[in-house]
Participant: 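Pasting a structure here, questions to come.
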Amino acid sequence: MALRIYDTARRDVVDFVPLVEGRAGIYVCGLTVQSEPHVGHIRSGVNFDVLRRWLAASGYDVTFIRNTTDIDDKILTKAAEQGRPWFNLAYDMHRELTKAYAALNVAPPTYEPAATGHVPEMIEMIALLIERGHAYPAADGSGDVYFDVRSLADYGSLTHQKIDDMEAAADADPRGKRDPRDFALWKGRKESEPETASWPSPWGRGRPGWHIECSAMAGKYLGEAFDIHGGGVDLRFPHHENEQAQSRAAGHGFATYWMHNAWITTAGEKMSKSLGNSLVVPSVLERVRPIELRFYMVAAHYRSNVEFSFEALDEAAVGFQRIEGFLERAGMPDASTELRAAFVDAMDDDLGTPSAVAAIYDAVRDGNKLLGDGDTTGAADVASDVRAMLDVLGLDPLDPAWGTSSSGDNDKLTLAVDALVAGLLEQRNAARAAKDFAAADAIRDRIKAAGIVLEDTPTGTKWSL
RNA sequence: GGUGGGUUGGCCGAGAGGCGAGGCAACGGACUGCAAAUCCGUGUACACCGGUUCAAAUCCGGUACCCACCUCCA
């Protein structure tokens, strides 16, 4: 079975057929860098990182573009509130986002274009749209340029909506629009906005509308037609609908497949509404390791809502530790080159990561049985399979990306504890040899009180936190 | 008003006509001096009401509740 993916436009799971055999071009809408990323934001990054890894593992040569929106209303508003330049806010938040992606082993894209770096490309495209009769400068002299939604028969095809059924935005500024549903390609500069947030254009100084950046940048880096366009569900409309409209109106084929990841919710609602500060990535990572957070996200299907809870997160962490425990006991062999059929089938079926994880657990159980039977060679083979599967999900514990980056402090601490525990273990083993189990257990209890758990194994006693 | 999604055992979370995904927790057993880890076993879950079918969590009709989007959003 080859890869099948759910396409939003067709509302069905369909075969993935690339435009060019053996290659896949993907454009994912990244974030508007206006606040610290929370776990919901980062889910999108993780989900599409898994897509990218799976395509690569399936032999595709993948070009992966993920943009950054670094100029928009929110950035200007927030920066003004905070009394800092908008470009400083955007830059800071972009660095936070990059850190969060790196922490979760989300590979850097092939390229990460930013909106502000592509104003000429956008202006070029807007001019083309005007020329082709799909856009017009506002009649009120505001300097705005709008896309004419009624000029495109296809408008609404991505989200299956009819123009007349759509509510006109209640807060939309009707100035100079032919139809209230027309959307801005270019926003004329307002007196209240900083000069630095404007660029020269044929329609006067201003800044780009939200959607045009993606059309321009996808076209530049992936070509007029490419394979997959991704993003969060909320982007289906208006953002993706409008991107598609602009690009098609410009004569581009644009994306063949549209993929949308669902939310991580809190209290049943989308995260941005509950603005839980505790859910920004660095703060969640005080509770679990990054690899465990990633496992938590990957263990759910990308199109399913995940109701975030720390309890579920802790459970996921414990579950992942069982997998790691097996790998350690099996001696962490190199990853195998072949993937198990159950895993491949699961991934080919619209990235069925939950079933893929189940396949990993099946292998772990098999491997643990082999270890119990003393078959270390067999167990090592299974462990190789497990590492290969984990790697596809970006969850290989030995991936240097998880780095022991936090300097030598941790290592030094480990050595110190090891030395201290070693002394106690000697005493305990002496007591055990003398069958003085009361004394032996007393020592174990003391160690346990310090948060260290002992395991007696055939090769000696091990400790872990 | 339009569009899309959801409701699964103590909990998390898959599946999409028949055979109980998987994980966490719990209980019993094996192993262990006792533990830990590991393995084995234990569950008749699919919001509600009808219908189709030999067979429905899955298909159809309806009801309830929840969420998302409608030109700001992962």
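Every chain is numbered from 1 and lettered A, B, ... according to where its sequence line falls, protein lines coming before strand lines. These numbers were taken from a predicted model, which means no experiment stands behind them.
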Participant: To the nearest 0.5 Å, what is the distance between NE2 (H134(A)) and CD (Q246(A))?
Facilitator: 11.5 Å
Participant: Which part of the nucleic acid, if any, lies within reach of G45(A) when heavy atoms closer than 4.0 Å are counted: base, sugar-phosphate only, or nothing?
Facilitator: nothing
Participant: So what does H160(A) touch, heavy atoms closer than 4.0 Å: a base, only the sugar-phosphate, or nothing?
Facilitator: sugar-phosphate
Participant: T159(A) and side-chain hydrogen bond (donor to acceptor under 3.5 Å, both in side chains): which single residue from E241(A), R236(A), H240(A) fits?
Facilitator: E241(A)
Participant: Look at all strands and tell whether S304(A) reaches a base, only sugar-phosphate, or nothing, counting heavy atoms closer than 4.0 Å.
Facilitator: sugar-phosphate
Participant: Step through it carefully: locate the ring centre of F254(A), locate the ring centre of F226(A), and say whether they are under 6.0 Å apart.
Facilitator: yes
Participant: Using distance alone, with no hydrogens and no angle criterion, decide if T265(A) and E307(A) have a side-chain donor and acceptor under 3.5 Å apart.
Facilitator: yes
Participant: Quickly work out the D165(A) CG to C69(B) P distance and round it to whole Å.
Facilitator: 19 Å
Participant: Nearest to the side chain of P238(A) - U38(B), C70(B), C34(B)?
Facilitator: C70(B)
Participant: At under 4.0 Å between heavy atoms, what does R236(A) touch on the DNA or RNA strands: base, sugar-phosphate, or nothing?
Facilitator: sugar-phosphate
Participant: By nearest heavy atom, map S355(A) and V149(A) onto RNA chain B; which one lands nearer the 5' end?
Facilitator: S355(A)
Participant: When you measure from the side chain of D234(A), which nucleotide among C72(B), G22(B), C69(B) comes out closest?
Facilitator: C69(B)
Participant: With a non-hydrogen cut-off below 4.0 angstrom, is L31(A) in contact with a base, only sugar-phosphate, or nothing?
Facilitator: sugar-phosphate
Participant: What's the closest nucleotide to the D441(A) side chain, out of G33(B), U3(B), A37(B)?
Facilitator: G33(B)
Participant: Would you please determine if the base of G22(B) is stacked by Y361(A), with stacking meaning a centroid separation under 5.5 angstrom and planes under 30 degrees?
Facilitator: no
Participant: Figure out the CD/P separation between E455(A) and A36(B), and round it to whole Å.
Facilitator: 10 Å
Participant: Is there a donor and acceptor pair closer than 3.5 Å between the side chain of R444(A) and the base of A35(B)?
Facilitator: yes
Participant: Atom CG of N368(A) and atom C1' of G23(B): how far apart are they, to the nearest Å?
Facilitator: 14 Å
Participant: When you check the side-chain N and O atoms of S142(A) and D140(A), is any donor under 3.5 Å from an acceptor?
Facilitator: yes
Participant: Using a cut-off of 4.0 Å on non-hydrogen atoms, how would the nucleic acid contact of H260(A) be classed: base, sugar-phosphate, or nothing?
Facilitator: nothing
Participant: Expressed in angstrom and rounded to an integer, what is the separation of E292(A) atom CD from C12(B) atom P?
Facilitator: 20 Å
Participant: State the pairing partner of U42(B); accept Watson-Crick or G-U wobble contacts with both distances under 3.5 Å, and report none otherwise.
Facilitator: A26(B)
Participant: K74(A) or Q321(A): which one's nearest nucleotide on RNA chain B is closer to the 5' end?
Facilitator: Q321(A)
Participant: Do R181(A) side-chain and C70(B) base share a donor-acceptor contact under 3.5 Å?
Facilitator: no
Participant: Is there a side-chain polar atom (N or O) of K270(A) under 4.0 Å from OP1 or OP2 of C69(B)?
Facilitator: yes
Participant: Between C1' on C70(B) and CG on L235(A), what's the gap in Å once rounded to a whole number?
Facilitator: 14 Å
Participant: Which of the following nucleotides, G13(B), G33(B), C70(B), is nearest to the side chain of V306(A)?
Facilitator: G13(B)
Participant: Can a side chain N or O of K369(A) be found less than 4.0 Å away from OP1 or OP2 on C40(B)?
Facilitator: yes
Participant: Hey, does the side-chain of Y155(A) have a donor or acceptor N/O within less than 3.5 Å of a partner on the base of U71(B)?
Facilitator: yes
Participant: For atom P, what is the distance between G43(B) and A35(B), given to the nearest Å?
Facilitator: 25 Å
Participant: Hey, does T32(A) reach any base, or is it just sugar-phosphate, or nothing, if we go heavy atoms under 4.0 Å?
Facilitator: sugar-phosphate
Participant: Regarding G372(A), tell me which of base, sugar-phosphate or nothing describes its non-hydrogen contacts under 4.0 Å with the strands shown.
Facilitator: nothing
Participant: Mind checking D456(A) for me? I need base, sugar-phosphate or nothing, with any heavy atom below 4.0 Å counting as a touch.
Facilitator: base
Participant: Looking across every strand, which nucleic acid part, if any, lies under 4.0 Å from E311(A) by heavy atom: base, sugar-phosphate, or nothing?
Facilitator: nothing
Participant: Can you tell me, in whole Å, how much space there is between the P of C67(B) and that of A16(B)?
Facilitator: 27 Å
Participant: Could you give the CD-to-P distance, from E324(A) to U38(B), as a whole number of Å?
Facilitator: 12 Å
Participant: For G23(B) and R365(A) - does any side-chain N or O of the residue sit under 4.0 Å from the phosphate oxygens OP1/OP2?
Facilitator: yes
Participant: Measure the distance from CD1 on I323(A) to C1' on G23(B) and round it to the nearest whole Å.
Facilitator: 9 Å
Participant: Separation of I163(A) atom CD1 from C69(B) atom C1', in whole Å?
Facilitator: 17 Å
Participant: Would you kindly say whether E213(A) and N67(A) are connected by a side-chain donor-acceptor distance under 3.5 Å?
Facilitator: yes
Participant: Give the nucleotide from the list U3(B), G22(B), U71(B) with an atom nearest to the side chain of Q161(A).
Facilitator: U3(B)
Participant: Does G17(B) pair with anything, Watson-Crick or G-U wobble, both distances under 3.5 Å, and if so, with which nucleotide?
Facilitator: none
Participant: Tell me if the aromatic rings of H118(A) and Y221(A) count as close, with their centers under 6.0 Å from one another.
Facilitator: yes
Participant: Which donor-acceptor pairs under 3.5 Å do the side chains of residues 102-111 of chain A make with protein atoms, sequence neighbours left out?
Facilitator:
from	atom 1	to	atom 2	distance (Å)
N105(A)	OD1	R53(A)	NH2	3.4
N105(A)	ND2	G394(A)	O	3.2
N105(A)	ND2	D399(A)	OD2	3.4
T110(A)	OG1	F64(A)	N	2.8
T110(A)	OG1	F64(A)	O	3.3

Participant: Heavy atoms only, 4.0 Å cut-off, all strands: where does R428(A) land among base, sugar-phosphate and nothing?
Facilitator: base
Participant: Quick check on C39(B): is either OP1 or OP2 less than 4.0 Å from any side-chain nitrogen or oxygen of R322(A)?
Facilitator: yes
Participant: Between C70(B) and T159(A), is there an OP1 or OP2 to side-chain N/O distance shorter than 4.0 Å?
Facilitator: no
